[in-house]
Amino acid sequence: MKYQIEQLLQAALATLPPDVVPADIRPEINVERTRDAAHGDFATNIALQLAKPARKNPRQLAQAILDALPASDLIAKTEIAGPGFINFHLSAAAYQLELSRVFDFGPVYGYGKRGAGIGTVVEFVSANPTGPLHVGHGRQAALGDALVSLLQTQGYEVSREFYYNDAGVQIHKLALSVQARARGIKPGDAGWPEEGYAGDYIGDIAEEFLAKSSVHALDGEAVKASGKPDDFESIRKFAVAYLRREQDIDLQKFGVHFDVYYLESSLYTDGKVEETVKGLIGSGKTYENEGALWLRTTEFGDDKDRVMRKSDGTFTYFVPDVAYHVTKWQRGFRKAINVQGTDHHGTISRVRAGLQALGLGIPEGYPDYVLHKMVKVMRGGEEVKISKRAGSYVTVRDLIEWVGRDAVRFFLVSRKADSEFVFDIDLALAQSEENPVYYVQYAHARVCSVFRQLQEKGFTHERDIGERNIALLSEPQERALIRRLTYFPELLENAANALEPHQVAHYLRDLAGDLHTYYNAHQFIVDDVNLRNARLNLVAATRQVIQNGLKLLGVSAPEKM
RNA sequence: GCCCCCGUAGCUCAGUGGAUAGAGCGACCGCCUCCUAAGCGGUAGGUCGCAGGUUCAACUCCUGCCGGGGGCACCA
């Protein structure tokens with residue numbers, strides 16, 4: 001719809017005589033949604049933009065443009081407003097066209113194709129298998145999953161990927177901690193490893209290990225514990241498998257699945273790390289200093305050069321990280337997005353520098369990042385510290401049990417990623433019945449209820465009759481609802497481009513509000529068959545769009561509440 | 001000290017350079033012989049952190065301050 005108006009303006013500008021606007025002045029045409037319904041549906045500031053270079057009065061220019069505007073049955077009225085805006089009021093035919101699209105496309109209404117066929121990988125959560133998933137991971141899971149869905153609406157072919165740092169120092173500490181517990185040493189006792197993990201779950205793992213249990217993660221083979229406290233390798237494998245399984249369970253409860261679990265350790269066994277190191281050395285961007293191997297990342301915008309291989313011969317985490325991103329490129333993903341906490345933002349310049357140094361033709365901005373701030377959890381007016389080393393922190397599992405999956409997902413995705421998030425447990429609990437998510441779901445359930453009533457009253461919904469009578473929808477609440485519905489495709493495009501799922505949550509709240517207002521102001525099941533079906537079309541379309549939107553966020557759309 | 005992000009109603013947050021800055025929660029006043037009141041209508045509540053600059057037009061862009069968070073490892 002917006003595109004069609006742009007086309008009309010383009011045509012109008014092309015026919016303007018040079019003495020009105022010189023031919024070399026052709027600013028980008030900007031067509032925007034109006035904020036106020038009184039200003040119509042769309043507006044353009046083109047006359048304001050042209051006024052200065054053309055040295056003309058903007059309102060006179062606007063008139064000249066309107067005079068040159070080709071006729072279209074999509075537009076009911078145009079007007080010049082304020083300093084020189086041109087407002088467009090859409091016709092009933094235009095609304096009709098858009099509403100029928102909702103029915104024609106159904107669950108894929110609003111989808112676009114600007115990303116058609118572009119291989120894309122979104123990496124998110126990527127929690128180390130050293131403990132349960134905490135609220136921060138929950139934010140990342142909700143954000144990443146919604147982002148993937150959003151990109152898919154634009155045709156991107158997206159893979160959800162989870163990277164396991166299962167080969168590093170943290171895993172070593174985990175294994176040491178479990179081993180200590182298996183030997184009966186507790187946090188604080190003499191012999192407890194420095195910076196060991198103190199959570200109770202460590203004790204659970206030790207118990208299971210001693211009991212010679214078997215566990216397996218979703219994609220992994222079964223790992224059986226040897227039960228011998230001196231068998232460090234068995235402890236390490238068992239602890240990792242155990243925690244991966246725990247994380248799988250949490251993610252499953254959260255309704256988030258991954259297409260690929262990529263293990264850091266596999267980068268070593270596949271020789272990818274070795275390959276990357278060779279490539280970097282071959283690039284001439286490395287040097288030895290104080291027994292370590294360094295990469296000149298400063299040549300690619302980093303603050304300082306980074307160590308690749310420590311003096312003890314092992315690699316820093318950043319080498320496999322670069323190797324991993326090379327595989328993303330090699331696997332054909334031309335777009336890569338990493339969802340991470342802002343505390344990892346230092347890695348961005350390093351990874352990008354490493355990829356550039358390799359000279360593989362990978363674009364400079366690869367990969368993209370969506371950084372999110374940490375979640376501050378409040379309980380009883382006090383902050384609950386989130387720390388893996390501390391024993392107590394709020395897990396994803398806790399949150400789901402307290403306020404329900406739908407509420408947690410909707411909440412966590414409803415704020416901009418880079419704003420801090422205060423999750424007040426008490427408030428979330430107290431508001432469990434006034435939660436924004438219920439507001440949206442209720443709108444959906446209400447429409448479902450209307451159609452149940454319709455059936456009870458012996459009526460049927462005739463879409464064709466409704467479409468022929470769309471002009472009857474002239475109430476302000478109806479206009480508002482139609483405006484909002486027809487914005488949905490643009491919303492998806494904007495949110496996907498900006499990588500901002502929170503826009504969807506806000507849109508749904510607004511749309512639900514429009515529906516509730518309409519519901520309270522007017523009766524849908526009226527005697528007049530024409531008006532009745534026109535209204536039923538409108539609310540059925542609303543139901544469809546709410547469904548589509550909630551699905552993107554991983555929130556259910558109940559038919560009854 | 002250097003780098004990144006945030007500062008908008010009492011609280012939690014929206015706001016692609018445009019017209020009178022918006023929601024929710026909280027507060028106050030109303031609305032169920034009517035498709036679910038988990039709802040609706042209304043009132044109150046603002047120096048958009050501060051100061052400059054760019055622009056026809058700045059909450060939005062630029063610079064500098066102030067306040068908050070996060071990074072600046074041969075940790076991940």
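Side chains included, hydrogens not; waters and symmetry mates left out as well; all remaining heavy atoms used. Being a predicted model, the structure only gives us computed values, none of them experimental. We name chains A, B, ... by the order of the sequence lines, and we start the count at 1 in each one.
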Sugar-phosphate only, base, or nothing, as touched by [X] at under 4.0 Å among non-hydrogen atoms:
X	answer
His522(A)	base
Thr342(A)	sugar-phosphate
Ala445(A)	base
Tyr439(A)	sugar-phosphate
His516(A)	sugar-phosphate

Check: With nearest nucleotides of RNA chain B determined for Lys304(A) and Tyr317(A) from heavy-atom distances, which residue corresponds to the more 5′ nucleotide?
Finding: Lys304(A)
Check: For RNA chain B, whose closest nucleotide is more 5', that of Thr316(A) or that of Gly513(A)?
Finding: Gly513(A)
Rounded to whole Å, please give me the gap between [atom1] in [X] and [atom2] in [N].
X	N	atom1	atom2	answer
Leu511(A)	G39(B)	CG	C1'	15 Å
Tyr519(A)	G39(B)	OH	C1'	9 Å
Phe410(A)	G24(B)	CZ	C1'	11 Å
Glu456(A)	C34(B)	CD	P	14 Å
Asn435(A)	G26(B)	CG	P	12 Å
Arg306(A)	C3(B)	CZ	P	15 Å
Met374(A)	C6(B)	CE	P	16 Å
Leu295(A)	C74(B)	CG	P	14 Å

Using atom [atom1] of each nucleotide, how far apart are [N] and [M] to the nearest Å?
N	M	atom1	answer
G45(B)	C6(B)	P	30 Å
U8(B)	C48(B)	P	11 Å
A73(B)	C65(B)	P	24 Å
A21(B)	C59(B)	P	10 Å
C56(B)	C50(B)	C1'	27 Å
G10(B)	U54(B)	C1'	36 Å
G22(B)	U43(B)	P	13 Å
C2(B)	A14(B)	P	29 Å

Do NZ/NE/NH1/NH2 and the carboxylate oxygens of [X] and [Y] come within less than 4.0 Å?
X	Y	value
Glu364(A)	Arg352(A)	no
Arg484(A)	Asp514(A)	yes
Glu478(A)	Arg535(A)	yes

Margin query: Is the distance from the ring center of Phe411(A) to that of Phe423(A) below 6.0 Å?
Written below: yes
Notebook entry, point to check: So, Tyr163(A) versus Tyr324(A), ring centres under 6.0 angstrom or not?
Noted result: yes
Next item on the list: Pull up the glycosidic torsion of C32(B) and say syn or anti, syn being anything within 90° of 0.
Entry: syn
Which nucleotide in the set [options] lies at the smallest distance from any side-chain heavy atom of [X]?
X	options	value
Tyr438(A)	G24(B), A38(B), G70(B)	A38(B)
Val307(A)	C6(B), C74(B), C35(B)	C74(B)
His345(A)	C75(B), G70(B), A37(B)	G70(B)
Val169(A)	G71(B), C75(B), C6(B)	C75(B)
Ser311(A)	C5(B), A38(B), C74(B)	C74(B)

State whether a side-chain donor-acceptor pair under 3.5 Å links [X] with [Y].
X	Y	answer
Asn30(A)	Thr44(A)	no
Thr34(A)	Glu32(A)	no
His344(A)	Asn338(A)	no
Tyr317(A)	Arg350(A)	yes

Notebook entry, point to check: After noting the C-alpha distance and the side-chain angles of Glu500(A) and Lys416(A), does the key distance pass the salt bridge (charged side-chain N to carboxylate O under 4.0 Å, His left out) rule?
Noted result: CA-CA 7 Å; Glu500(A) 291 182 345; Lys416(A) 267 187 307 192; over 6 Å; no
Note to self: For RNA chain B, report each stem as range with range, ordered by first number, or say none. Use Watson-Crick or G-U wobble pairs under 3.5 Å, at least 3 in a row.
What the structure shows: B:1-7 with B:66-72, B:10-13 with B:22-25, B:27-31 with B:39-43, B:49-53 with B:61-65
Notebook entry, point to check: Is it true that atom CZ of Arg479(A) has more than 12 heavy atoms of other residues, nucleotides or ligands lying nearer than 6.0 Å?
Noted result: no
Notebook entry, point to check: Within the pair Thr517(A) and G41(B), is there a side-chain N or O less than 4.0 Å away from OP1 or OP2?
Noted result: yes
Check: Counting only side-chain N and O atoms of Lys310(A), is one of them less than 4.0 Å from OP1 or OP2 of C75(B)?
Finding: yes
Next item on the list: Between protein and nucleotides 8-19 of chain B, map the contacts as a letter string: B base, S sugar-phosphate only, - none, heavy atoms under 4.0 Å, written 5' to 3'.
Entry: ----SSSSB-BB
Next item on the list: Report the C-alpha distance between Tyr442(A) and His516(A) in whole Å, list the side-chain angles of each, state the deciding distance to 0.1 Å, and finish with yes or no for ring-ring contact (aromatic ring centres under 6.0 Å, His included).
Entry: CA-CA 9 Å; Tyr442(A) 184 42; His516(A) 287 311; 5.4 Å; yes
